[in-house]
2 protein chains.
Amino acid sequence: MTAEEAETAARMFKALGDPVRLRLFSAVASHEGGEACVCDISDVGVSQPTVSHHLKKLKEAGLLTSERRGTWVYYRVEPSVLAAMGKLLSLPAAV
Amino acid sequence: MTAEEAETAARMFKALGDPVRLRLFSAVASHEGGEACVCDISDVGVSQPTVSHHLKKLKEAGLLTSERRGTWVYYRVEPSVLAAMGKLLSLPAAV
DNA sequence: CATCTATGTTGACGTCCATCGATACAGCTG
DNA sequence: CAGCTGTATCGATGGACGTCAACATAGATG
């Protein structure tokens with residue numbers, strides 16, 4: 001594993017390395033239709049600006065995508081990235 | 001996902017959220033026999049104390065175990081924890 | 001246009017973290 | 001015991017991070 005690969009992958013793990021972000025991500029992923037409006041998932045015990053901040057981080061890490069539809073903004077999981085992370089975890093275990 | 005579950009899982013993701021730790025972890029996991037001596041994997045571009053520090057973090061997160069054999073210390077991957085993290089990543093993607 | 005709700009941005013603050021040099025400890029070898 | 005190598009700990013430092021209050025923006029509606 002090169003330094004560049006590690007840098008990229010570490011960004012994704014780091015994004016899930018915060019309890020609030022992990023709950024937000026899980027909420028989006030397990031929500032009906034694979035997407036969720038911010039208002040559906042913002043009950044994680046922190047203020048609204050903090051929720052917005054964490055969703056932005058998850059988006060920057062490539063784990064979520066967002067789309068505005070009228071008044072609300074919907075987030076959904078980026079499936080390809082999930083697969084990459086899963087591979088990183090399952091591959092070494094098989095050795 | 002409860003706050004407690006998120007707290008526990010986030011600790012594991014956070015441990016892999018540093019490029020140096022991710023490279024160390026990957027090096028141990030992919031090393032012959034599933035274990036590696038520190039001297040085998042310490043070429044990640046940081047000082048020896050820093051390597052030791054990161055290995056300790058991975059150990060505290062429950063991702064690695066260590067055992068001293070004579071002069072050298074060997075680290076190996078904790079398989080059960082890997083499975084738990086993999087489940088967290090693959091389960092929501094299936095929904 | 002005025003106003004309301006939903007969401008994002010900014011600035012500040014306290015805390016945690018990665019890194020290093022210096023040093024200590026463990027085990028081998030002479 | 002003395003000296004050497006491999007690994008861990010300590011203390012310090014600079015930077016990154018999570019959180020909030022205040023404010024800004026987008027879209028809907030009257």
Side-chain angles (χ1 to χ4, degrees), chain A residues 1 3-4 6-28 31 35-77, chain B residues 1 3-28 31 35-76:
Chain A
M1 170 175 253
E4 290 78 21
E7 197 83 37
T8 304
R11 258 197 296 272
M12 308 190 304
F13 282 109
K14 191 176 187 176
L16 295 180
D18 180 272
V20 173
R21 280 199 294 269
L22 189 54
R23 289 184 73 187
L24 288 172
F25 179 82
S26 170
V28 172
H31 203 265
E35 70 175 11
C37 164
V38 177
C39 57
D40 291 330
I41 59 174
S42 54
D43 189 21
V44 288
V46 294
S47 68
Q48 175 270 323
T50 303
V51 169
S52 185
H53 166 73
H54 284 306
L55 287 172
K56 185 181 181 182
K57 286 270 190 171
L58 287 168
K59 196 175 162 185
E60 285 172 354
L63 295 172
L64 294 180
T65 59
S66 70
E67 180 194 358
R68 173 153 228 139
R69 289 210 287 275
T71 305
W72 300 279
V73 177
Y74 290 82
Y75 283 83
R76 61 168 54 240
V77 174
Chain B
M1 171 175 248
E4 291 78 20
E5 290 171 347
E7 196 84 35
T8 304
R11 259 197 295 273
M12 309 191 303
F13 282 110
K14 190 177 187 177
L16 294 179
D18 180 272
V20 173
R21 280 200 293 270
L22 189 55
R23 289 184 74 186
L24 288 172
F25 178 82
S26 170
V28 171
H31 203 264
E35 71 174 11
C37 165
V38 177
C39 57
D40 291 330
I41 59 176
S42 54
D43 190 21
V44 287
V46 294
S47 68
Q48 176 270 322
T50 303
V51 169
S52 186
H53 166 74
H54 283 307
L55 286 172
K56 186 181 180 182
K57 287 269 190 174
L58 287 168
K59 196 175 161 184
E60 287 172 352
L63 295 172
L64 295 179
T65 59
S66 71
E67 181 193 358
R68 173 155 227 138
R69 289 209 288 274
T71 305
W72 300 279
V73 176
Y74 289 82
Y75 282 82
R76 62 167 54 240

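Proteins come first, then strands; the chains are lettered A, B, ... in the order of their sequence lines, and each starts at number 1. Bear in mind that the values here come from a model prediction, so they are computed numbers and not experimental data.
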Asks: What parts of residues 39-47 of chain B reach DNA chain D, counting only heavy atoms under 4.0 Å away?
Replies: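 Here the set is B:C39.
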
Asks: Can you give me the N/O atom pairs linking the protein to nucleotides 8-18 of chain D at distances under 3.5 Å, or say none if there are none?
Replies:
| residue | atom | partner | partner atom | Å |
| --- | --- | --- | --- | --- |
| D:dA8 | OP1 | B:Y75 | OH | 2.8 |
| D:dA8 | OP2 | B:S52 | OG | 3.1 |
| D:dA8 | O5' | B:S52 | OG | 3.4 |
| D:dA8 | N7 | B:Q48 | NE2 | 2.7 |
| D:dA8 | N6 | B:Q48 | OE1 | 3.2 |
| D:dC17 | OP1 | A:K14 | NZ | 2.9 |
| D:dG18 | OP1 | A:R21 | NH1 | 3.1 |
| D:dG18 | OP1 | A:R21 | NH2 | 2.7 |
| D:dG18 | OP2 | A:R21 | NH1 | 3.4 |

Asks: Within the structure provided, determine whether B:V28 and B:L64 are in side-chain contact (heavy-atom separation under 4.5 Å).
Replies: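 The answer is yes; the side chains approach within 4.5 Å.
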
Asks: Test: side-chain hydrogen bond (donor to acceptor under 3.5 Å, both in side chains). Region: residues 5-24 of chain B. Which pairs qualify, not counting sequence neighbours?
Replies: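 Qualifying pairs: B:R21-B:H54.
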
Asks: Could I get the full list of side-chain contact (heavy atoms from CB on, under 4.5 Å) partners for A:C39, not counting sequence neighbours?
Replies: A:C37, A:W72

Asks: Would you please name every residue forming a side-chain contact (heavy atoms from CB on, under 4.5 Å) with A:S47, sequence neighbours left out?
Replies: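 A:S47 satisfies side-chain contact (heavy atoms from CB on, under 4.5 Å) with A:P49, A:T50 only.
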
Asks: Would a 4.5 Å heavy-atom cut-off, applied to side chains only, mark A:L16 and A:L58 as touching?
Replies: yes

Asks: Quick check for you: name the first and last nucleotides of DNA chain C, 5' to 3', having an atom under 4.0 Å from a heavy atom of chain B.
Replies: C:dC17 to C:dC28

Asks: Applying side-chain contact (heavy atoms from CB on, under 4.5 Å), can you list everything that pairs with A:A10, at least two apart in sequence or on another chain?
Replies: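 Per chain and number, A:A10 pairs via side-chain contact (heavy atoms from CB on, under 4.5 Å) with B:P19, B:L22.
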
Asks: Only pairs at least two apart or in different chains count here, so list each salt bridge (charged side-chain N to carboxylate O under 4.0 Å, His left out) that has a residue in residues 58-72 of chain B.
Replies: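 Matches after skipping sequence neighbours: B:E35-B:R69, B:E67-B:R69.
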
Asks: With sequence neighbours excluded, what pairs up with B:T65 under the side-chain contact (heavy atoms from CB on, under 4.5 Å) test?
Replies: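 With sequence neighbours excluded, B:T65 shows a side-chain contact (heavy atoms from CB on, under 4.5 Å) to B:R76, B:E78, given in chain and number order.
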
Asks: Looking at B:Y75 and B:S66, what are the two nearest heavy atoms and their distance?
Replies: CE2-CB, 3.5 Å

Asks: Considering all heavy atoms of both residues, which atom of A:S42 and which atom of A:V51 are nearest to each other, and what is their separation?
Replies: O-CG2, 4.0 Å

